[in-house]
Engineer: 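Below is one structure. I have some questions about it.
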Amino acid sequence: AASLAAYVASRNQRRQLAHDRFLRNRDYIRDAIDAAALAVGDFRTAVDKLLATTQAAESWWESPAGTTEPTPGSIDPRLDRKGEYRKLIEEAEEHALPCLFRSREVAARLELRLEREHPVVSNYVELHEALHAALTNASWDTRNPRDQEAREKDTDLEQATKAQYELFRA
C-alpha cells in the first residue's frame with residue numbers, strides 16, 4: 001500500500017510540475033507578445049513623427065516662404081526655420097533609433113518563445129522590416145533634400161506599414 005501511495009504521489013507531482021511548466025511558458029509567451037505590441041507601437045509612433053517632420057520640412061523648403069530671398073540688409077528668416085527643422089528631424093531620428101533596436105530585441109525574444117514560422121513571429125518581423133524601410137526612407141541629410149522618388153516611396157511604405165500592422169494585430 002505504501003509503494004502504491006508513493007507511486008500515485010510521484011505521478012501527481014510530475015503532472016503538477018508539467019502543468020506549472022505549461023502555465024509558466026504561456027505567461028512568458030504572453031509577456032513577449034505584450035512587449036512586442038508596446039515596442040511596435042513606440043517604433044511606429046517614432047517613424048510617423050520622423051516622416052511627418054521630414055515632409056513638413058520638405059514642403060516648407062519648396063514653398064515660397066522657403067525660397068523667397070530676404071530683403072537686402074535684413075536677416076534671412078529661412079536660416080532660423082531650417083535650423084529648427086534640422087533640430088526637429090535630428091530629435092525624431094534620435095528617438096526612432098532606440099525604438100528600432102528595441103524592436104529587434106523583441107523580435108528575437110518572440111523567436112525564442114515561439115517557433116520562427118509562427119504567424120505572430122512572422123507578422124512581427126515583417127512589420128519590423130516595413131517600419132525599418134520607412135525609417136530609412138524618411139531619414140535624410142537636411143543639406144540635400146530627398147528626390148521625388150523617395151517622397152513618393154513614403155506613401156507606399158506607409159501603406160505597407162499599415163497593412164503589416166493590421167496583420168500583426170489580427
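Since we're looking at a predicted model, the values are computed, not measured.
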Engineer: How long is the gap from OG1 on T136 to NE2 on H132, to the nearest 0.5 Å?
Structural biologist: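 Rounded to the nearest 0.5 Å, the OG1-NE2 separation comes to 4.0 Å.
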Engineer: Do you know which two heavy atoms are closest between Y28 and R109, and how far apart they sit?
Structural biologist: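 What the structure gives for the nearest pair is O-NH2, 4.4 Å.
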Engineer: Please walk me through it: do Q16 and N12 pass side chain to side chain contact (heavy atoms under 4.5 Å, CB included)?
Structural biologist: CA-CA 6 Å; Q16 184 62 43; N12 287 342; over 6 Å; no
Engineer: Rounded to the nearest 0.5 Å, how far apart are CD of E93 and OG1 of T54?
Structural biologist: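 Here the interatomic distance stands at 7.0 Å.
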Engineer: Quick check on the hydrophobic clustering: are F43 and F101 connected, directly or via other members, by side-chain heavy-atom contacts under 4.5 Å?
Structural biologist: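 Linked, F43 and F101 end up in one cluster.
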Engineer: So which atom in A96 and which in L135 form the shortest heavy-atom distance, rounded to 0.1 Å?
Structural biologist: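 Where A96 meets L135 most closely, the heavy atoms are CB-CD1, 3.5 Å.
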Engineer: If Ile, Leu, Val, Met, Phe, Trp and Tyr residues are connected whenever their side-chain heavy atoms lie under 4.5 Å apart, and connections chain through other members, are V106 and L97 in the same group?
Structural biologist: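 Yes; L97 is reachable from V106 via cluster members.
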Engineer: Determine all donor-acceptor pairs shorter than 3.5 Å in which one atom belongs to a side chain in residues 113-131; sequence neighbours excluded.
Structural biologist:
unit_1, atom_1, unit_2, atom_2, d
R116, NH2, E111, OE1, 3.1
H118, ND1, V120, N, 3.1
S122, OG, H118, O, 3.3
S122, OG, P119, O, 3.2
N123, ND2, P119, O, 3.2
N123, ND2, L167, O, 3.4
Y124, OH, S103, O, 3.4
Y124, OH, S103, OG, 2.9
E126, OE1, Q164, NE2, 3.2
H128, ND1, S103, OG, 2.7

Engineer: By salt bridge (Lys or Arg N to Asp or Glu O under 4.0 Å), which residues pair with E166, not counting sequence neighbours?
Structural biologist: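 Partners of E166 under the salt bridge (Lys or Arg N to Asp or Glu O under 4.0 Å) test: R169.
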Engineer: Kindly compute the distance separating CD (Q13) from CG (L17), expressed to the nearest 0.5 Å.
Structural biologist: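 Output value for this atom pair is 5.0 Å.
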Engineer: Looking at CZ of F168 and CD1 of I33, how far apart are the two atoms once the value is rounded to the nearest 0.5 Å?
Structural biologist: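 Those atoms lie 7.0 Å apart.
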Engineer: Is there a donor-acceptor contact under 3.5 Å from the side chain of S10 to the main chain of A6?
Structural biologist: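 Not confirmed, S10 side chain does not pair with A6 backbone.
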Engineer: Looking at OH of Y7 and CZ of R11, how far apart are the two atoms once the value is rounded to the nearest 0.5 Å?
Structural biologist: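 Here the rounded value is 5.5 Å.
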Engineer: From Q55 CD over to L50 CG, what is the distance, rounded to the nearest 0.5 angstrom?
Structural biologist: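 It is 9.5 Å, given to the nearest 0.5 Å.
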Engineer: Which residue pairs pass the salt bridge (charged side-chain N to carboxylate O under 4.0 Å, His left out) test with at least one member in residues 20-34, sequence neighbours excluded?
Structural biologist: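 Listed once each, the pairs would be none.
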Engineer: Kindly indicate whether the side chain of D42, heavy atoms from C-beta on, has any atom under 4.5 Å from the side chain of R102.
Structural biologist: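 A side-chain contact under 4.5 Å is absent here.
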Engineer: Where do L110 and A36 come nearest, in terms of heavy atoms and distance?
Structural biologist: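 In terms of heavy atoms, the two residues are closest at CD1-CB, 3.7 Å.
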Engineer: Under the criterion salt bridge (Lys or Arg N to Asp or Glu O under 4.0 Å), I'd like the reasoning laid out for K87 against E90: C-alpha separation, chi angles, the key distance, then a yes or no.
Structural biologist: CA-CA 5 Å; K87 184 178 176 188; E90 287 170 6; over 6 Å; no
